[in-house]
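What follows is a set of notes on a single structure, which appears directly below.
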Protein chains: 2
Amino acid sequence: MGAALDESKALLVRRWGEMGGYWGISRTMAEIHALLFVSGRPLCMDDIMAQLHVSRGNTSMNLRGLVDWGLVQRVHKLGDRKEYFQIDTDVWHMFGTIMRERRRREVEPIVATIGRCREMVADVDGVAEDEKRELREFRRRLDELRNFLTTMGALFELVLKFGSEGIAQFSSLLTGTGAVTRRETTEQRTSRNATKRSERPARKKSTKSKRNPRQ
Amino acid sequence: MGAALDESKALLVRRWGEMGGYWGISRTMAEIHALLFVSGRPLCMDDIMAQLHVSRGNTSMNLRGLVDWGLVQRVHKLGDRKEYFQIDTDVWHMFGTIMRERRRREVEPIVATIGRCREMVADVDGVAEDEKRELREFRRRLDELRNFLTTMGALFELVLKFGSEGIAQFSSLLTGTGAVTRRETTEQRTSRNATKRSERPARKKSTKSKRNPRQ
DNA sequence: TAATTCTTTCAGAAGTATCTAAAAGATAGC
DNA sequence: GCTATCTTTTAGATACTTCTGAAAGAATTA
């Protein structure tokens, strides 16, 4: 009856791959990610190639992408020259990594641009009275937008720091399900999730990079 | 000095468009969205074509996409046969729309699949003892994943219902900045944001659809 | 009904992204 | 150094998206 298990895994991999497209991630990359997730053990390139029917080159590229995202780690087995790839097993931690990376790549640039736009219209001197109205309205919108983005960013930071228990508390608080006081049950999580992903060395793609030495 | 205003707007439109790609939205669609946002008034197709240098067909298609997302409304001016397009001006409401739509299109299908996967491995009969371990581990992961997704969904629902004030409270609660009790300041927002977007008629793309009658 | 004005659809062009297979690059052991 | 084993890069092929321009479709007025 291991067949049911395999089918179940295959189904999740397929669907996860399809969904990847919506998230700006190539299907293959998402499939590799899912495969590592369902396998529950490190896989080598040949495993992945065989199970997903993709070429070696493609596998290599997408694995690199996943490592760059901080979602997959390279691991090695004693007496085996192959590299194995392993996924973060903690779902909360995994999504924390995704969120932080997306924020860095996608939200921060737009926040910076909003800042520049804001400066460009900071000066009201020499503007006709009827244009001032439009200017003020535009500034108001910029401020609202920036405020939204930074607030959401802060919220994510908090949520991912405090994990699922924190959210449950938050929910019950807002919905008034009951009076909840801050418990300390989430503190252990915090330290584990605080791994500094941001300090990962920024790999330059274009550079004729030396192969990663296996320390 | 209206030049600075125009340049500032153009800059935001360009950057917003670039970012659109990351969000699975075509650049033009994102640019149109941004243009409506910065303009602060309804625009017609010719306005958009002129300002973004895109063809009529492209403009039409992308505007339809935005209307389908519920991000843009069609409006009409008295004595003018043209259609005008208007964006939701409330940033929180706007992102609420995006989040809900993304959840419907992207998160719900994967949650459904997880459910199916879970059922496929529910039965443990006739499984060798050493495979049971793997099975249980797989089930644990599936459950964790589903739990994460539904919790996050609920969180978004809450956050968008309670708006920025709610988040500020949440933040101060978790960080322990001070004892906060639920205030009622956000209630007005709630009703406005509760517009039932989900009941929008599901336009079939493939169908040789009749043109939307202007009621 | 015909003319006018505006919008949508669609076939093919243009532009991107992704994939494969083959060559080049690394490392370890002999 | 040479060979074996494994990984990365790359050029070109394939597949997918997006865009345009032209034709068809709709509503309105005469």
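These values consider heavy atoms only, across backbone and side chains, with no hydrogens, waters or symmetry-generated copies. This is a predicted model, so every value here is computed, not measured. Just so we're on the same page: letters track the sequence lines, and every chain starts at 1.
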What nucleotide, of [options], holds the atom closest to the side chain of [X]?
{"X": "A:Lys82", "options": "D:dA27, C:dT7, D:dC6", "value": "D:dC6"}
{"X": "A:Ser60", "options": "D:dT8, D:dC6, C:dC6", "value": "D:dT8"}
{"X": "A:Arg81", "options": "D:dC6, D:dT28, C:dC10", "value": "D:dC6"}
{"X": "A:Val54", "options": "C:dT8, C:dT20, D:dT20", "value": "C:dT20"}
{"X": "B:Glu83", "options": "C:dT8, C:dT9, C:dC19", "value": "C:dT8"}

Going by atom types alone, do B:Asn147 and B:Asp143 pair a side-chain donor with an acceptor below 3.5 Å? no
Say you draw a straight line from CZ of A:Arg74 to OH of A:Tyr84; how long is it, rounded to the nearest 0.5 Å?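 Here the interatomic distance stands at 14.5 Å.
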Distance, nearest 0.5 Å, that separates CE of B:Met94 from CD of A:Glu144: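 It comes to 9.5 Å.
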Whole-Å distance separating the [atom1] atom of [X] from the [atom2] atom of [N]:
{"X": "B:Leu63", "N": "D:dC19", "atom1": "CG", "atom2": "P", "answer": "13 Å"}
{"X": "B:Met29", "N": "D:dT17", "atom1": "CE", "atom2": "P", "answer": "15 Å"}
{"X": "B:Ile48", "N": "D:dC19", "atom1": "CD1", "atom2": "P", "answer": "14 Å"}
{"X": "B:His76", "N": "D:dT28", "atom1": "NE2", "atom2": "C1'", "answer": "13 Å"}
{"X": "B:Leu66", "N": "C:dT8", "atom1": "CG", "atom2": "P", "answer": "13 Å"}
{"X": "A:His53", "N": "C:dC19", "atom1": "NE2", "atom2": "C1'", "answer": "15 Å"}
{"X": "B:Met61", "N": "D:dA22", "atom1": "CE", "atom2": "C1'", "answer": "14 Å"}
{"X": "A:Met45", "N": "C:dT20", "atom1": "CE", "atom2": "C1'", "answer": "13 Å"}

Is the cationic atom of B:Arg102 (NZ for Lys, CZ for Arg) positioned less than 6.0 Å from the six-membered ring centroid of B:Trp69 and within 45 degrees of its normal? no
Below 4.0 angstrom from OP1 or OP2 of D:dT18, is there any side-chain N or O of B:Thr28?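 Checking B:Thr28 against D:dT18: no side-chain N or O falls below 4.0 Å of OP1 or OP2.
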Whether A:Asn58 contacts C:dT18 is assessed here as follows: a side-chain N or O lying under 4.0 Å from the phosphate OP1 or OP2. Is that the case? no
Give A:Ser26 one of three labels, base, sugar-phosphate or nothing, depending on what nucleic acid heavy atoms sit under 4.0 Å from its own. sugar-phosphate
Ion pair B:Glu157/B:Arg100, N-O distance below 4.0 Å: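 Looking at B:Glu157 and B:Arg100, the cut-off is met.
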Suppose we call a contact any N or O donor and acceptor under 3.5 Å apart; does that hold for the side chain of B:Arg56 and the base of D:dT20?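 Answer is no: no donor-acceptor pair is held.
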